[in-house]
Amino acid sequence: MKIQFYFPILLLISILACKNESTSPPISGAAMTGMQNSIDLDRFEKEILAFEKQDSINGIPKDEILFVGSSSIRMWKSLAEDMSPYPVLNRGFGGSTIPEVLAYGERIVYKYNPRLIFFYCGENDIND
């Protein structure tokens, strides 16, 4: 019972901490070139294309809370229900790494103009 109570509070704090009012340009995947040498940045292309197909059918959602990152986000099947009544968009993919999320940033993050971004990634970076 305590986990159910504390988890949404910690999640909300994490989301609010990520809010960025800056108008600075986003970091491109090219900024991570040193790390890209050991990572195949195309290994999740099919998943990214599936997101783009969803967007072409449903339209590009704007001003939602974007959840992006690795499989912990991708496999969160009850995300919309857990975060209700807030509008959320799940763009977790594979067992992604930080350089991969950054490399796909234009395609799965910035075009949505999200209200907030919840970013969870890094465990796979440590494994590599």
Side-chain angles (χ1 to χ4, degrees):
M1 191 69 130
K2 288 183 180 182
I3 292 174
Q4 292 175 347
F5 177 74
Y6 290 116
F7 180 72
I9 292 172
L10 292 174
L11 182 60
L12 182 59
I13 291 169
S14 298
I15 291 169
L16 293 175
C18 292
K19 187 170 183 180
N20 181 1
E21 299 294 332
S22 172
T23 57
S24 301
I27 298 172
S28 70
M32 301 297 290
T33 52
M35 296 176 76
Q36 288 177 0
N37 294 334
S38 64
I39 298 170
D40 176 10
L41 290 175
D42 294 326
R43 67 184 178 141
F44 295 115
E45 182 65 19
K46 288 182 183 178
E47 290 184 58
I48 303 306
L49 288 171
F51 291 146
E52 292 174 333
K53 184 175 182 177
Q54 288 174 356
D55 293 342
S56 71
I57 293 168
N58 301 325
I60 296 177
K62 300 283 187 187
D63 201 37
E64 293 189 352
I65 300 172
L66 175 68
F67 285 74
V68 65
S70 61
S71 60
S72 297
I73 300 295
R74 177 180 54 87
M75 295 187 306
W76 192 349
K77 302 300 181 192
S78 62
L79 176 63
E81 179 184 334
D82 293 341
M83 296 305 295
S84 178
Y86 301 103
V88 296
L89 180 62
N90 187 326
R91 288 297 180 256
F93 60 99
S96 61
T97 61
I98 294 170
E100 289 167 322
V101 173
L102 292 174
Y104 288 120
E106 291 296 325
R107 296 170 66 189
I108 64 166
V109 177
Y110 311 121
K111 74 177 183 179
Y112 300 115
N113 193 26
R115 179 186 326 175
L116 299 169
I117 298 171
F118 181 87
F119 178 76
Y120 182 85
C121 203
E123 292 174 25
N124 299 310
D125 300 72
I126 294 170
N127 187 43
D128 286 340

From NZ (Lys46) to CZ (Phe93), nearest 0.5 Å: 15.5 Å
Nearest 0.5 angstrom please: Leu66 CG to Asn90 CG, how far? 8.5 Å
Side chains of Thr97 and Glu100: do they bring a donor and an acceptor to under 3.5 Å? yes
Would you give the length of the straight line joining atom OG of Ser72 to atom CZ of Phe67, rounded to the nearest 0.5 angstrom? 12.5 Å
I need the Arg74 CZ to Leu79 CG distance, nearest 0.5 Å. 14.0 Å
If we ignore hydrogens and angles and just use 3.5 Å, is the side chain of Ser56 paired with the main-chain N or O of Lys53 as donor and acceptor? yes
Answer yes or no: is there a donor N or O on one side and an acceptor on the other, between the side chain of Lys111 and the main chain of Lys62, under 3.5 Å? no
Using a distance-only test with no angle check, is there a side-chain donor-acceptor pair under 3.5 angstrom linking Tyr112 and Arg91? yes
Would a distance-only check, ignoring hydrogens and angles, find a side-chain to backbone donor-acceptor pair under 3.5 Å from Ser96 to Gly69? yes
Within the 4.5 Å heavy-atom criterion, are Tyr86 and Leu116 side-chain neighbours or not? no
Would you say the side chain of Phe119 lies within less than 4.5 Å of the side chain of Ile73, judging by non-hydrogen atoms? no
Distance, nearest 0.5 Å, that separates CZ of Arg115 from CG of Asp63: 5.0 Å
Same apolar cluster: Leu89 and Leu49, side chain cutoff 4.5 Å: no
Minimum heavy-atom distance between Gly95 and Ser70, given as atom pair plus value: C-CB, 4.3 Å
Report yes if the side chains of Met83 and Glu64 come closer than 4.5 Å at any heavy-atom pair, otherwise no. no
Mind checking whether Phe51 and Tyr104 have ring centres under 6.0 Å apart? no
